[in-house]
Amino acid sequence: MTTKSVSRLLLLSSVGIGSYLAGSYVERRKTADTVCLRRDDYVNDRSGNLLGTLQSKPGLPIFGTVSAASPIPAEQKSPVVSNVSRIGQIMKYGFPGLDNVRSYDDYVLSYDRRTRVAHWVFEHLTADGVKASQGVDRAKSDFKPDESVHPFFRSLNTDYKGSGFDRGHLAAAGNHRSEQKHCDQTFFLTNMAPQVGVGFNRDKWNHLERYVRKLTKDYPNVYCCTGPLYLPRKEADGKLYVRYQVIGANNVAVPTHFYKVVVMETRDNRLEMEAYVLPNQKIDDETPLTMFQVPPETIERAAGLLFFDKIARSQLSKINGKKV
DNA sequence: TTTGCTGT
């Protein structure tokens, strides 16, 4: 292990993420071998081998509407079609997982009912999209419970109140300023996670969000997936445990870490990827963001998700700034 | 700049 990667592990607050780095990862991505939109009909492993089939379920909000096989009645065509095409654009490179998927006007989310925190949120960013329109203001938006979640599994403002943690956006409000409605929809509590405020949400994590927004100046299309991690840590008996605080009457989980996996399309149609893991704690302002870069596979193993799995690894010209 | 809390 290099000195650099050792120092990175220390920055990750001496957790067990090293165990995910161990072992040789030899799988390589291939482009999905199907061209149909009904991606849920087939279950492939990472080498493209068919593992089995799944039935299309009407309860899946995305696939029920995205499917080419489901014609949309003419009278409701315009709003539905524009929403469906936007979702198709946001999710262009695949779904990281399919648990409780919800689509909003400008981002898509998968909700974890057990932790009351999302598994992942997906955004598609462009220079025009992140530019603030006249009159759009986050001060006009309110944090609100997401009524589409069953009350057993819904987080409330009272869960966060007095907890000492911020209601930290996963899909950042600053990424959705083209319409007030888009900004408002980022304030659903399904899009929040308990984050350390000073030194994290309001500082280094915010810096990462601003950095990702700034990427749209150099890249015409930026795809961003964000979510929590609950990483194992070695305790006094020498064994590894996953330990995290819960807050409020609904036991909302406080993630130990947060990740971002970003794919950028270059003007000449190449693809680059960057992946970050930051501990949910006060981080020294002087620490450069590059210190938090990790191999994307590390996050996939820790989160139980596959990011951008429609992209063949051979299509990526850079990972974390390095040519591959 | 953007982040979101606390107290009135």
Side-chain angles (χ1 to χ4, degrees), chain A residues 104 106-107 109 116-118 120-121 123-146 154-219 222 224-229 245-250 252-260 262 274 276-292:
Chain A
Y104 303 92
D106 207 33
Y107 73 101
L109 173 152
R116 295 81 156 111
V117 174
W120 53 262
V121 306
E123 301 167 273
H124 165 242
L125 308 181
T126 62
D128 282 346
V130 301
K131 203 165 57 185
S133 294
Q134 186 76 19
V136 176
D137 184 357
R138 65 173 279 148
K140 295 178 185 168
S141 305
D142 296 311
F143 292 94
K144 51 191 177 296
D146 190 331
R154 196 185 293 162
S155 65
L156 303 175
N157 284 315
T158 50
D159 293 320
Y160 286 82
K161 192 166 180 63
S163 69
F165 292 96
D166 280 9
R167 293 166 292 189
H169 283 69
L170 295 174
N175 292 347
H176 305 275
R177 294 180 295 176
S178 66
E179 287 185 36
Q180 187 63 43
K181 187 183 177 195
H182 294 177
C183 180
D184 291 347
Q185 289 183 349
T186 70
F187 279 75
F188 282 119
L189 292 182
T190 33
N191 184 43
M192 301 298 156
Q195 291 185 328
V196 169
V198 176
F200 184 74
N201 183 37
R202 306 176 196 187
D203 295 289
K204 192 57 70 184
W205 183 254
N206 184 23
H207 301 165
L208 177 58
E209 291 177 337
R210 280 154 47 193
Y211 166 75
V212 171
R213 262 197 297 282
K214 221 168 94 180
L215 290 172
T216 60
K217 293 183 186 299
D218 296 321
Y219 301 90
V222 174
C224 181
C225 185
T226 306
L229 291 172
Q245 185 182 346
V246 295
I247 58 171
N250 292 300
V252 180
V254 180
T256 64
H257 295 71
F258 292 91
Y259 68 81
K260 268 189 195 291
V262 185
E274 294 182 5
Y276 298 85
V277 173
L278 274 64
N280 187 15
Q281 60 190 41
K282 189 175 187 304
I283 295 170
D284 188 336
D285 237 24
E286 300 306 307
T287 313
L289 282 171
T290 51
M291 292 301 291
F292 299 100

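Numbers restart at 1 for each chain; the letters A, B, ... are given by sequence-line order, proteins then strands.
- What you find for Ala127(A) and Thr216(A) is that their closest heavy atoms are N-CB, 3.6 Å.
- Taking atom CZ of Phe187(A) as the reference point, atom P of dT3(B) lies 7 Å away to the nearest angstrom.
- Note: CG (Asp166(A)) to P (dC5(B)) measures 5 Å, nearest angstrom.
- We find that OH of Tyr160(A) is positioned 18 Å from C1' of dT6(B), with the value rounded to whole Å.
- With values rounded to the nearest 0.5 angstrom, Glu123(A) atom CD is found 6.0 Å from Lys260(A) atom NZ.
- The side chain of Arg177(A) lies closest to dT2(B), out of dT3(B), dT2(B), dC5(B).
- Protein atom CG of Leu170(A) is 13 Å distant from nucleotide atom P of dT3(B), rounded to whole Å.
- At a threshold of 4.0 angstrom between heavy atoms, the contacts of His207(A) with the nucleic acid are absent.
- His169(A) and Phe187(A) have perpendicular rings, their planes meeting at more than 60° on a 0 to 90° scale where under 30° would count as parallel.
- When rounded to the nearest whole Å, the span between CG of Asn280(A) and C1' of dG4(B) equals 14 Å.
- Across the protein-nucleic acid pair, Arg202(A) atom CZ and dT1(B) atom C1' stand 15 Å apart, rounded to whole Å.
- On a pure distance criterion of 3.5 Å, no polar donor-acceptor pair joins the side chain of Arg210(A) and the base of dT2(B).
- By the neighbour-count criterion of 12 heavy atoms within 6.0 Å, atom NZ of Lys140(A) is densely surrounded, having more than that number from other residues, nucleotides or ligands.
- Put simply, the side chain of Asn206(A) and the base of dT3(B) share no donor and acceptor less than 3.5 Å apart.
- Counting to the nearest Å, the C1' atom of dG4(B) and the CZ atom of Phe200(A) are 14 Å from each other.
- Residue Gly174(A) is classed as a sugar-phosphate contact, given heavy-atom separations below 4.0 Å to backbone atoms only.
- Residue Arg138(A) places no side-chain N or O under 4.0 Å from the OP1 or OP2 atom of dT1(B).
- Across the protein-nucleic acid pair, Asp159(A) atom CG and dC5(B) atom P stand 13 Å apart, rounded to whole Å.
- In Lys144(A), the NZ atom is crowded: over 12 heavy atoms of neighbouring residues, nucleotides or ligands sit closer than 6.0 Å.
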